[in-house]
Amino acid sequence: MIPAKKVLLSSLLSASVLALSPSLFGLSAVVAAPAVAGLPDFADIVDRTGPGVVNIRTTERVKTGQPQAGADDEEMQEFFRRFFGVPMPRQQPNTPNTPNTPNTPRNKGKGGNVQQEEVPRGVGSGFIISADGYIMTNAHVVEGASDVYVTLTDKREFKAKIIGSDTRTDVALLKIDGSNLPRLVIGDSDKIRAGEWVLAIGSPFGLENTVTAGIISAKARDTGDYLPLIQTDVAVNPGNSGGPLINLKGEVIGINSQIYSRSGGFMGISFAVPIDEALRVSDQLKASGRVTRGRIGVQIGEVTKDVAESLGLAKAQGAMVQRVEPGGPADKGGLEAGDIILKFNGATIEKPSDLPRMVGNIKPGSRATVNVWRKGSARDVSLTVVELEADKPAKVEEKKPKQEAVPNSLGLIVSDLSDAQKKELKIENGVLVESAVGVAAAAGLRAGDVVQRLNDIDIKDAKQFNGLVAKLDPKKRAAVLVRRGDSSQFVPLRPSTSGN
């Protein structure tokens with residue numbers, strides 16, 4: 001019996017001989033794999049970029065009652081400040097007292113003497129983008145702060161002014177009084193690639209000048225209308241927010257902004273705002289202190305593969321118009337619910353999230369051309385972009401069924417809309433769904449919905465609709481334009497041979 005160690009050694013030697021001299025065994029030579037490059041050395045990059053990264057701490061002025069006398073109270077106050085960021089609740093003293101610190105402002109009100117105390121609110125990171133003291137960070141780092149303090153790596157501390165912030169992109173611009181400050185070089189986030197090495201510098205949990213590294217996991221992860229984020233596996237934790245994401249050239253390509261976490265700490269997925277997006281925002285903040293965006297007044301949804309096939313589109317792309325705001329730019333320009341927006345100012349819409357970003361970048365008051373797919377053909381619609389305002393929730397009202405009848409092959413029982421109902425809904429055609437069963441119910445249709453179109457045909461009344469349904473090919477899906485409340489959506493339905 002051969003010992004296990006000898007068997008292993010024999011196997012390793014055989015493998016080595018085979019790798020070195022395949023011809024000895026009558027085998028063809030194996031092409032050697034390319035040599036794997038070593039891991040990058042970030043030390044030089046950190047030396048160059050580190051001085052341009054700053055620590056940001058924010059404070060908040062809170063009103064407190066009169067302080068409690070005694071050393072024990074002072075120790076507890078310090079404990080609460082350092083570990084909880086808020087002052088300890090104070091008890092009403094038996095006798096009047098004076099504020100603990102002479103430089104603390106005191107306000108007199110109806111309730112007696114009240115003092116304002118500056119307490120720590122949070123910490124974050126940022127980076128200098130100009131030698132005269134402009135600093136970029138996240139909006140959530142400075143949101144709600146009474147005062148913002150910036151500390152450089154050489155321990156100089158400045159009180160910063162908030163030039164402006166934009167919550168939609170989570171970008172804020174600060175200004176400190178300084179000159180010849182170490183600034184970071186801005187890169188091009190459009191040229192990044194998945195798998196590229198990157199590093200982050202910041203103050204996780206308040207630990208200043210901390211460096212972590214990883215790779216780009218995805219270039220543009222959709223997390224919101226105006227925020228296509230860079231996804232990385234760089235370790236980012238609370239306090240890293242606002243710090244730079246840096247490539248191997250030492251260029252800033254993003255602002256570390258978010259993490260995916262179930263525990264509150266890093267779990268392998270972090271997100272950064274692309275620097276190109278951040279610069280567009282900071283330029284507006286610097287010029288006017290606010291960001292303006294365009295809007296055209298539509299609610300949009302996804303174009304599924306089934307809907308695309310039903311409507312004759314070559315592939316599932318674009319943004320489907322679910323609702324047109326009455327009196328809005330799209331309404332005035334002639335856009336309709338059920339239109340598929342394929343291009344905006346000549347740029348192709350691959351997915352719905354592309355549209356609000358394109359529209360948002362247009363200066364309000366500008367004319368724009370929208371290419372839409374409607375009833376089997378593409379057409380251009382011209383409209384004027386207006387400024388984006390706060391979203392207004394749509395009023396959704398559900399109609400109750402009036403009667404029961406035999407459902408058609410789509411599982412729908414419908415009735416004609418009265419003139420009053422059409423006027424209330426601000427539509428000219430459609431039928432009211434009284435009941436939905438079978439394939440219609442499975443697709444989510446319900447009583448109170450309005451069917452406006454079947455494939456490319458506008459629906460005028462119940463008789464016409466049921467006649468069209470009876471002629472549908474049961475082997476193909478039909479695109480049914482359904483309105484619910486103020487929103488419209490194409491729903492692909494395959495007729496049932498059983499009729500329900």
Side-chain angles (χ1 to χ4, degrees), residues 42 44-58 122-143 145 148-166 169-189 192 198-204 206-214 229-230 232 234-258 270-283 285-286:
F42 294 110
D44 290 338
I45 300 175
V46 174
D47 287 341
R48 296 199 313 270
T49 61
V53 183
V54 302
N55 171 264
I56 296 175
R57 66 179 180 88
T58 60
V123 296
S125 307
F127 55 97
I128 302 171
I129 60 173
S130 68
D132 60 348
Y134 281 98
I135 294 171
M136 198 175 288
T137 185
N138 285 142
H140 75 261
V141 170
V142 298
E143 183 178 9
V148 178
Y149 298 92
V150 171
T151 305
L152 276 59
T153 55
D154 60 9
K155 303 305 179 183
R156 284 184 293 169
E157 185 174 85
F158 300 83
K159 188 172 183 178
K161 177 183 179 181
I162 302 176
I163 302 300
S165 63
D166 179 56
T169 53
D170 198 20
V171 173
L173 185 67
L174 312 180
K175 179 67 169 66
I176 60 175
D177 292 330
S179 60
N180 298 320
L181 297 174
R183 68 178 184 87
L184 296 190
V185 177
I186 303 300
D188 187 348
S189 52
I192 64 174
V198 286
L199 64 87
I201 307 179
S203 305
L207 302 172
E208 300 176 10
N209 312 117
T210 299
V211 182
T212 53
L229 297 179
I230 301 170
T232 77
V234 179
V236 171
N237 284 289
N240 270 117
S241 292
L245 185 69
I246 301 171
N247 63 16
L248 291 183
K249 296 179 182 179
E251 301 169 334
V252 180
I253 59 171
I255 306 176
N256 297 311
S257 176
Q258 301 176 17
S270 55
F271 300 96
V273 181
I275 196 63
D276 293 352
E277 297 277 345
L279 283 176
R280 280 193 283 269
V281 171
S282 66
D283 286 345
L285 293 176
K286 185 176 181 180

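Since the structure is predicted, the reported quantities are computational estimates derived from the model, not experimental observations.
Pairing each heavy atom of Thr210 with each of Pro204, the nearest pair is CB-CD, 3.5 Å. In terms of heavy-atom proximity, Val142 sits nearest to Ile162 at CB-CD1, 3.9 Å. Across all their heavy atoms, Phe42 and Ala213 have their closest contact at CE1-CB, 3.4 Å. Ala235 and Thr212 get closest at one heavy-atom pair: O-OG1, 2.8 Å. In terms of heavy atoms, Pro51 sits closest to Val46 at CD-O, 4.2 Å. In terms of heavy atoms, Ile45 sits closest to Gly250 at CG2-CA, 3.9 Å.
Ile201 contributes atom CD1, which lies 3.5 Å from atom OG1 of Thr49 (distance to the nearest 0.5 angstrom). One finds the CG atom of Leu181 at 8.0 Å from the CG atom of Asp132 (value rounded to the nearest 0.5 Å). One distance of note links CG of Leu279 with CG of Leu173; it measures 10.0 Å at 0.5 Å rounding. Considering CD of Glu208 and OG of Ser203, their distance stands at 5.5 Å, rounded to 0.5 Å. Taking CD1 of Ile230 as the reference point, atom CD of Glu277 lies at 9.5 Å (rounded to 0.5 Å). Distance check, rounded to the nearest 0.5 Å: CE of Met136 to CD1 of Ile186 gives 6.0 Å.
Under the side chain to side chain donor-acceptor pair (under 3.5 Å) test applied with Ser257, the options Thr137, Asn240, Asp170 reduce to a single match, Asp170. The side chain to side chain contact (heavy atoms under 4.5 Å, CB included) test with Leu174 singles out one residue from Ile56, Ile163, Val141, and that residue is Ile56. Screening Ile176, Thr151, Ile128, Thr153 for a side chain to side chain contact (heavy atoms under 4.5 Å, CB included) with Val54, the sole residue that qualifies is Ile128.
Within 6.0 Å of the CG atom in Asn180, the count of heavy atoms belonging to other residues, nucleotides or ligands does not exceed 12. Remark: Asp177 CG is loosely packed, at most 12 non-hydrogen atoms of other residues, nucleotides or ligands lying under 6.0 Å away.
In this structure a side-chain-to-backbone donor-acceptor pair under 3.5 Å is missing from Ser125 to Gly202. Ser270 places a side-chain N or O within 3.5 Å of a backbone atom of Val234 that can act as its donor or acceptor partner. Checked by atom type and distance alone, the side chain of Asn256 never pairs as donor or acceptor with a backbone atom of Gly242 at under 3.5 Å. Within the 3.5 Å criterion, the main-chain N or O of His140 finds no donor-acceptor partner in the side chain of Asn138.
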Give the C-alpha distance, both sets of side-chain angles, the deciding distance and a yes or no for salt bridge (charged side-chain N to carboxylate O under 4.0 Å, His left out) between Glu157 and Arg57.
-> CA-CA 10 Å; Glu157 185 174 85; Arg57 66 179 180 88; 3.3 Å; yes
For Leu184 and Val53, run side-chain contact (heavy atoms from CB on, under 4.5 Å): C-alpha distance rounded to whole Å, both residues' side-chain angles, the deciding distance at 0.1 Å, then the answer.
-> CA-CA 8 Å; Leu184 296 190; Val53 183; 4.2 Å; yes
Walk me through it: do Val236 and Phe271 pass the test side-chain contact (heavy atoms from CB on, under 4.5 Å)?
-> CA-CA 9 Å; Val236 171; Phe271 300 96; over 6 Å; no
Going through the distances and angles, do Leu229 and Val273 end up as a side-chain contact (heavy atoms from CB on, under 4.5 Å)?
-> CA-CA 5 Å; Leu229 297 179; Val273 181; 4.0 Å; yes
